[in-house]
Amino acid sequence: MSSDSAPATGATPVKTTGLHVGEAAPGVAKVDPIIVADHVRRTFGGLTAVDVDHLEIPRGAITALIGPNGAGKTTLFNLLTGFDKPDEGTWTFDGHALSGVPAYRVARMGQVRTFQLTKALGLLTVLDNMKLGATEQRGERFWSSLIAPLWRRQDAEIEERAMELLAKFKLDAKAQDFAASLSGGQRKLLEMARALMSSPQLVMLDEPMAGVNPALTESLLHHILDLKKEGMTVLFVEHDMHMVRHIADWVVVMAEGRVVAEGDPHEVMKNPAVVDAYLGAHQDVDLGVVTGRVSAAEAGVSTSGTVDEATIEAEADAELAAEEKRKGKR
Amino acid sequence: MDFLQILSNAGASLLAPATLAYALAALGLAVQFGFTGLLNMGVAGFMAIGAYGYAISILQFDFPWWLAALTGLAASAVFALILGIPALRLRGDYLAIVTIAAAEVVRLLFLTSAFDDVTGSADGLSGYHESFRGANPIPPGTYGFGPWTYNQTDWWVRIMGLIVLALGVVAVWRLMSSPWGRVIKGIREDEDAVRSLGKNVFSYKLQALVIGGLLMAAGGIVYAMERNVNSGVYVTSTTFFIYTALLLGGAATVFGPLVGSLIFWVLQTLLSNLLPALSQLLPFMTQIQASTLRFILTGVALMLLVIFRPQGIFGNKKELTFVK
Ligand SMILES: Nc1ncnc2c1ncn2[C@@H]1O[C@H](COP(=O)(O)OP(=O)(O)OP(=O)(O)O)[C@@H](O)[C@H]1O
Ligand SMILES: [Mg+2]
């Protein structure tokens, strides 16, 4: 598990290092955080979905958020982007307090997200989906929308940018089709491209690679790396450890709503808490993926059989409970 | 059975104020339901507020007709805001419940005898036409040909209705082909996605509710300009008829509501003339049963329409491929 964990295809990406201050542990301070969250808690009835004491996301880097199913990753995304309200807690984006700020304002501030369950706007064309992503459009204001000369030039510019991005994501041939006619993977691509139309500072991707074929995954990885090169910060949720190891500069591990580990991808995966809570007894399956002998689909980490996932989760849960007990005794 | 008379009546309904009123209301509903996805079941309420606002402000405050019309429109905008601010935060189906209830409340307020001196309760309102007819530039006389022969007053109402309808169609067409319309259609597809792209979804939905409400009120006013105002017109079945007209033409189109209303009224007139005539020939049906049959047929038509051609006459066939 050294440098050969990088896949054969594509150059090894340049990792950003020196992101944190002090020893890597849950809630460790970052040199230049873009998001700082404190005591964020969200409960659904008796279930505590998210309970994060302190979390900082480093700016200008790619951070992966991993954890078993139901760990609270999506819920944390929803909280940070204003799509859900926490029971308590505060968090800032780029120095601005975000608690209580509605989702659309969060997006306008430069923090955009995609959804785990893709939200393509089916009966709009792919191009219209893209154009909707651009912010500060004059033609979107009621009165000026009635007078076409006021917005036509800007709209043409937006269209040009949209076509460029679509070409990058290999969707340009589909520009005039309804988004509903796209395949599941193509929708993931469209959603990501659409989010980029606003030139955000922070892109939050909820399982961007789920259901995307290996070749496209390759190019998606490149896109994500490009985002970093362009100065954007990326936070993404992913179950495929191969991808995480390949592109993430920093990994945050959640389990049962809490951040249980943080660190650089190679270190964090050796962490016993992570092995217990997430990688579990099936870690060897992941290694198969890592070395490229087994495809991600066969390994079934994020895509295949619910039975398999359920057993992994059950075992992880049991082991985590054991771990807690041990901690309690100490 | 006089077929020529029946056809002539049907032809006349093409230009009837009722048809124009339905076209305006259906256009408003296209904005709300077809483009934005707001399930407004209170169309009749919006129309009633326009009509009563017009009549009451003339009878009570002696407003000139145009100021009265503006008052009716303003009242409907206020109604849309009062409804929308709490209800638009709810999920789709709840808006339908809130609007249908609100429209009933409005109708019953106009019907109750408590406000008889203002609303005329069950008798409704009449005798407010002087200002509008006084502004008529058409010299007295009879004009037109065939079924479309009217006197100066009838023409004045129809021309005014056509002007308002034309303005409405142009405005909606402009809006829907602009980036504003793109946001609106995006909200219909998935409001969370649109929210995640930095659009204030609530504000857009409120704008759509108000614009649709204004068009519906304009329909109510055009209807009131011809005859009198009576709460019996603004019942829930009127809302359903307007849905029928809209779906007939195509919900997410600009010309669909117009054509749908034309077809709806021509068919209604045709049936209401034809069925009683037929009942003379058919021994098993009385006159009264025959006129009830008209509404039964309308209901069946609405069901068949939604099942077999939900995109309407003008709707894009391709869109239907993806409607689940
Ligand atoms: N709206 C909700 N109502 C009730 N419980 C919820 C709701 N949303 C999430 N939960 C619960 O909160 C927990 C965390 O869910 P979440 O979707 O955040 O998990 P996740 O980490 O994204 O999992 P996955 O990897 O499967 O996507 C789960 O136990 C889930 O059942
Ligand atoms: Mg999730």
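Lettering of chains follows the sequences in order, A, B, ..., and the numbering in each one begins at 1. Predicted model only: the values in this text are computed from it and were never measured.
Remark: A/E207 CD to A/E238 CD distance equals 6.0 Å, nearest 0.5 Å.
Contact of A/A103 with chain B is made through backbone and side chain together, with heavy-atom distances under 4.5 Å. There is no contact between B/F202 and chain A, counting heavy-atom distances below 4.5 Å. Interface residue B/I211: only side-chain heavy atoms are found under 4.5 Å from chain A. With a 4.5 Å cut-off on non-hydrogen atoms, A/A134 touches chain B through its backbone but not through its side chain. For B/S203, no part lies near chain A; criterion is any non-hydrogen pair under 4.5 Å.
When all heavy atoms of A/L190 and A/A120 are compared, the closest pair comes out as CD2-CB, 4.4 Å. Across all their heavy atoms, A/D84 and A/F44 have their closest contact at OD2-CZ, 4.0 Å.
In this structure B/F255 satisfies the ring-ring contact (aromatic ring centres under 6.0 Å, His included) test with no other residue, sequence neighbours excluded.
Under a 4.0 Å N-O distance rule, the pair A/K73/A/D206 does not qualify as a salt bridge.
Near-neighbour residues of residues 149-174 of chain A relative to chain B, defined by a heavy atom under 4.5 Å from a heavy atom of that chain, comprise A/W151, A/D155.
A/R108 contributes a side-chain N or O that, together with a main-chain N or O of B/G198, makes up a donor-acceptor pair within less than 3.5 Å. Not one N or O on the side chain of A/T92 forms a donor-acceptor pair closer than 3.5 Å with the backbone of A/A97. At least one donor-acceptor pair closer than 3.5 Å links the side chain of B/K205 to the backbone N or O of B/L88. At least one donor-acceptor pair under 3.5 Å links the side chain of B/Y204 to the backbone N or O of A/E140.
Interface summary for chain B: among A/T118, A/T114, A/L146, A/N129, the most heavy-atom pairs under 4.5 angstrom belong to A/L146. Ranking A/A107, A/A179, A/S145 against chain B, the residue ahead of the rest is A/S145, based on heavy-atom pairs under 4.5 Å. Chain A forms the most heavy-atom pairs under 4.5 Å with one residue out of B/L175, B/V201, B/I184, and that residue is B/L175.
Between A/F115 and A/F83, the two ring planes are perpendicular [angle over 60°; tilted spans 30° to 60°].
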